[in-house]
Protein chains: 2
Amino acid sequence: MAGQTRRRGAALEEAILAAAVAELAESGYAGLTMDKVAARAGTNKNALYRRWPNRLALGIAAYKQLAKAAPLPDTGELRGDALELLRQANRHWSSPLGGVLRELLAAAGGATEFLAQLQDQSGDAAAAPWLTLLGRAVARGEAAPEVLHPRVATVAVVLLRNEFVVRGVPSAPDDVLVEIVDEVYLPLVRRRSAS
Amino acid sequence: MAGQTRRRGAALEEAILAAAVAELAESGYAGLTMDKVAARAGTNKNALYRRWPNRLALGIAAYKQLAKAAPLPDTGELRGDALELLRQANRHWSSPLGGVLRELLAAAGGATEFLAQLQDQSGDAAAAPWLTLLGRAVARGEAAPEVLHPRVATVAVVLLRNEFVVRGVPSAPDDVLVEIVDEVYLPLVRRRSAS
DNA sequence: AACTTACGGTACGGCCAGTACCGTAGTTGC
DNA sequence: GCAACTACGGTACTGGCCGTACCGTAAGTT
């Protein structure tokens, strides 16, 4: 064969991951088969199963390669920041990547050990940007301090994610984002502890 | 064989659905195989594929048999109603049925024609009870009239569903429900159009 | 150099979706 | 009451995929 040299260790691992990423991007998790990844990486399934216990683990690893954090918006006012962050999420979920994430969440099926791997991308870690964004708004007097709580801060993204779960793939139109921000998020966050 | 008579039409269809429901309840959607359903119904896959085009369609049909609407709570005040409705949803999603629903939503993978079948159980139709519940609260003066909007009305359930998607199977503790109601839902809904 | 480790090739077991074919029982129309 | 038709039951098969096993051989190790 052409390949006089035989790859090992990290070099091979990177090649496999790259192949998995490519398959994931092209065909989604459903189309990610161990045989195809092995073929694409120019190796065989042995090398895969030596590194990842099963297909799901490889899929998650490949997804994590694909998903990268976007910079935090700073428009100077809460509404603009929230909308922009929501648009980022919208782009992510309506891209092929969003479908992949849904497939993975599904394949994990509630298995905590796998879900934990995905939370960085989809769950708790996603609260951090919202909290800092809200923190700035509180400092500006745009929001009440008692809303600096993960459950409250992330309401907007959670609602948007719900759109995708319930309605399906296509990207949410911008009106939906505006509606979420204006009808729910801002009223919720602006409250002056109305008892 | 024992069965002298041969079932046809509706009788057979019911038997198949019953078998599918049983399999779904025992093993979830992942464990629902066409062979097992056929065997359990005492027939073969032909009869199945004559009625449903594929496994997912049968799974959804079986799920719809399983899920039935619970009566609408009426405790006399908004907080109690909302909490009770949330507890219903919590029970549903933390039961095996919830896992099944998640599996189905995943298997549908954004295919609109299938999602539409599930929305009755999980999506838009779920907005109706919340709207009537809120309507009563508005009449009592417990909520502002401008919150009679599906997006706003369903915020609580959507947040709860998110718990399941992100955290996994186990039932959400009651504190979480209380937190959702007290930290998010009531403040959101009680606003007196704070501009 | 000998030794160990990991890759490559290949083959296979097992499971399952979906399809095809055919004999036969039940139903319908005459 | 007979024929034609429809739908069920049995069975077999294709094709795809996950996961495992075995074995020869190249790469790194001492």
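What you see is a predicted model, and the numbers here were worked out from it, not measured in a lab. Quick note on labels: first sequence line is chain A, next is B, and so on, each numbered from 1.
- With sequence neighbours left out, the side chain to side chain donor-acceptor pair (under 3.5 Å) criterion links A:Arg151 to B:Glu163, B:Glu179.
- The side chain to side chain donor-acceptor pair (under 3.5 Å) search around B:Glu13 returns B:Arg51, not counting sequence neighbours.
- Not counting sequence neighbours, A:Tyr29 has no partner by the ring pair (Phe, Tyr, Trp, His ring centres under 6.0 Å) test.
- Every side chain to side chain donor-acceptor pair (under 3.5 Å) that A:Asp174 has, sequence neighbours left out, goes to A:Arg87.
- At whole-Å resolution of the value, CH2 in A:Trp52 and C1' in D:dC18 are 17 Å apart.
- The minimum heavy-atom distance linking A:Asn162 with B:Val158 is given by the pair CB-CG1, 3.4 Å.
- Remark: P of D:dT6 and CG of B:Leu12 are 18 Å apart, rounded to the nearest angstrom.
- Residues satisfying the ring pair (Phe, Tyr, Trp, His ring centres under 6.0 Å) criterion with B:Trp130, sequence neighbours excluded, are B:Tyr185.
- The stretch residues 13-20 of chain B has no heavy atom under 4.0 Å from DNA chain C, so no residue of it qualifies as close.
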Contact letters for nucleotides 16-21 of chain C, in which S counts primed atoms plus P, OP1 and OP2 and B counts the base, heavy atoms under 4.0 Å: SBBBBB
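- Every residue was checked against the salt bridge (charged side-chain N to carboxylate O under 4.0 Å, His left out) condition with A:Glu14, not counting sequence neighbours, and none meets it.
- Residues forming a side chain to side chain donor-acceptor pair (under 3.5 Å) with A:Asp182 (at least two apart in sequence, or on another chain): A:Arg79.
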